[in-house]
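Side-chain atoms are counted along with the backbone in the values below, which use heavy atoms only and exclude waters and symmetry mates. Count residues from 1 along the sequence.
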Amino acid sequence: MNGETLQSSSTVLESVTVAAPSLSLFAVCSETVFCFSHGKVEVACGDMTPQHDSDPSTKHPPFNIIADKSQFSPGDEIKGSKGKHYFKGFLIEARNAGDLNEIVGSFKLISPGISQLLKCDNKEGSAVSHTSDSHKTEVQVIWVAPSDSPSSVQFLVTVARGYKEFWVKIPGPGVPQNGAAPPPQTTFGGSIGAQTTQTTTSTILSRSFTSEGCGGSKSCLRDPEGCDPQNDTACHFLSFSALGSSVTFELSGPAEGYVSFALSQDKWMGNDDVYLCIRDTDRVDIKAAYVFGRTHPIISSQNILKGIAWRLSDGVIQCSFRRDIHLPPENLNRFDLDQMYYLFMAHGRAEDGRTHRHDHQPLISTYRAAITGPLEDLTGSRSPLLIKYHGAFMLIAWTSTVSAGVIMARYFKPDWPERNILGQKVWFQLHRMLMTITVLLTLVGFVLPFMYRGGWSKRAGIHPYLGCVVMALAVIQPVMALFRPAPDFRVPEILAVCVFKHCHNQVVCFHDLVVTIFLGIHQQALSLPAPWSTGVLAFLVVWFVLADLVLDVHRRGFLPIGQ
């Protein structure tokens, strides 16, 4: 479409875009979707504000919005393009100049590779946003005036060049209908109707927190259990105590980027009331947030924290604040503090004020704690009980019972030649019993992670896939064993194949299992100490191999001891 086909004005948007940095597991992102690199930012349609934990820039934006026509009629199209300065993401809307809360008209795309249509205010194509967070210098769009157009239209653009550098509702030209008076032109002075995040002045803590008074004057949750943040830089510490109509929280822990805690109704991440202390160079930002499902925290735009203080020392982040027990109704995602909740503690990396997924499994209190109730010295664990049982059952099955069962079948057939158990040789009954226990333990251990996760785990890497292979081989093994003939039976070719496959499957299963266990012990949910856990498992594998080798040498007569 060229300029001759346009019967009305053509809006030229110079670098109209909104940056969209990608998100990470526990990344701090706020109510707007500009934190999403894919640009699906419908939740930001109203205020057009990317709440990136900071206020919009008050500097004059290096972007121009130009209209090539001064008037329009219903049904006309307005085109926008041109740019000089780079940007990452954007959000473009047309509003009623007489009522800037009303979104008007629809858009057409000229550059679908970098722009996409959004549904705002229940109107298809009523806004345009980015498709990725790549650098851009130009975007072109076409706006179509509706049949019920207002007397004049105001174009607004939110542009972001980075997580902390963005401009909200940059005013473009106000374009009137033919014959209507032009609306007053607005100049940028901080953005039209841009919302700013309320901030509270913070102070620097003069000294470290201490565990003194835990269970007496305040409730505490610590990892390792019983540690003192005043003397132990590896101590993850949370305390809280009620005074009057508010509760004071203290949070401390070693972390590269942030420490956080959450109040939860259950032991699952999701729909939780979250509080984060985020290191930003040489200071700490303290934020309240909320988590919907297993997603990134959404930073609250409401200022609900008081008495904020923080401290940085020896790689440890410490912060404290007060929060009212009850909050006004508009704080829909905040929990009242006179209830009982599970407590989560997590920490991880942060970059430019944005948090990434926590580095380790969160510490979860053993039971619900009454925030304003009796003071307690709480305990918690980073490893869920079902996952512990999963690891224990699999470890027992595949480093104990299966090893003993294999050795029994390989090397103890000549022993107890005159003794039977229930009509079968001793070695065979012991072998069958041990292998049956192995299969049962594997079946139970296989089900437990699915019970805990409620489905398939997407963050466990290749471990669950290999686990499924082990489970399948463990079930096939006894099925093939059923076709093995009696010792005095002349073996047909087909049964000989079954015998071979039974032994071959056993070897494949064992080797696959070793890899699976080595991958499994490093899962976050188990929270095993490294490198000790790897060393212990390696020792068990080496022990089995050496035991098998020694017994094989003995069977071949090279070691006559005991013969």
Side-chain angles (χ1 to χ4, degrees), residues 13 16-21 23 28-59 61 63 65 87-107 116-123 125-130 141 143 150 153-172 174 186-199 287-290 292 295-304 328-334 353-354:
L13 306 177
V16 276
T17 2
V18 180
L23 288 180
V28 176
C29 204
S30 47
E31 293 181 350
T32 168
V33 206
F34 296 154
C35 289
F36 294 88
S37 59
H38 51 61
K40 296 293 186 180
V41 295
E42 281 88 350
V43 298
C45 286
D47 59 18
M48 301 182 69
T49 304
Q51 299 172 2
H52 289 181
D53 301 345
S54 58
D55 294 336
S57 175
T58 56
K59 297 185 295 184
F63 314 104
I65 306 172
F87 49 86
K88 290 185 177 180
F90 60 91
L91 179 62
I92 307 172
E93 294 181 9
R95 302 284 183 99
N96 182 347
D99 180 8
L100 290 177
N101 292 320
E102 180 186 354
I103 299 177
V104 178
S106 61
F107 289 89
Q116 61 184 325
L117 298 177
L118 301 181
K119 183 179 180 180
C120 291
D121 200 19
N122 293 320
K123 301 175 182 177
S126 55
V128 182
S129 74
H130 55 281
V141 297
W143 179 77
V153 172
Q154 176 74 60
F155 290 94
L156 300 176
V157 182
T158 290
V159 182
R161 302 181 68 176
Y163 190 76
K164 291 194 173 184
E165 185 181 17
F166 59 93
W167 293 262
V168 176
K169 291 184 178 179
I170 302 173
T186 305
T187 58
F188 182 84
S191 305
I192 294 179
Q195 294 185 357
T196 58
T197 305
Q198 297 176 342
T199 58
K287 305 290 184 180
Y290 190 77
F292 291 97
T295 59
H296 305 285
I298 299 174
I299 300 298
S300 172
S301 59
Q302 301 293 325
N303 183 18
I304 63 170
E330 56 265 26
N331 295 278
L332 298 177
N333 298 323
R334 300 270 77 82
R354 292 174 292 160

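Residue Asn122 qualifies as open at atom CG: its count of foreign heavy atoms under 6.0 Å is 12 or below.
Contact between Ser126 and Lys119 at its shortest, heavy atoms only, is OG-C, 4.1 Å. The minimum heavy-atom distance linking Lys169 with Met48 is given by the pair CG-SD, 3.8 Å. Glu93 approaches Cys120 most closely through the heavy-atom pair OE2-SG, 4.1 Å. Nearest heavy-atom pair, Ile103 versus Arg95, reported as atom, atom and distance to 0.1 Å: CG1-NE, 3.6 Å. Considering all non-hydrogen atoms of both residues, Trp143 and Ala94 come closest at NE1-CB, 3.3 Å. Across all non-hydrogen atoms, the minimal contact from Leu117 to Phe107 is CD2-O, 3.6 Å.
The NZ atom of Lys88 sits 10.0 Å away from atom CD of Glu165, with the distance rounded to the nearest 0.5 Å. Summarising the geometry, atom CD1 belonging to Ile304 is positioned 11.5 Å from atom NZ belonging to Lys287; distances are rounded to the nearest 0.5 Å.
The side-chain heavy atoms of Pro150 and Glu102, taken from C-beta on, include no pair separated by under 4.5 Å.
Panel note: side chain Gln154, backbone Gly172; a donor-acceptor pair is recorded below 3.5 Å. Between the Gln116 side chain and the Val128 main chain, no donor and acceptor come within less than 3.5 Å of each other.
Of the listed residues (Leu156, Val157, Thr49, Leu91), just one forms a side-chain contact (heavy atoms from CB on, under 4.5 Å) with Val168, and that residue is Thr49.
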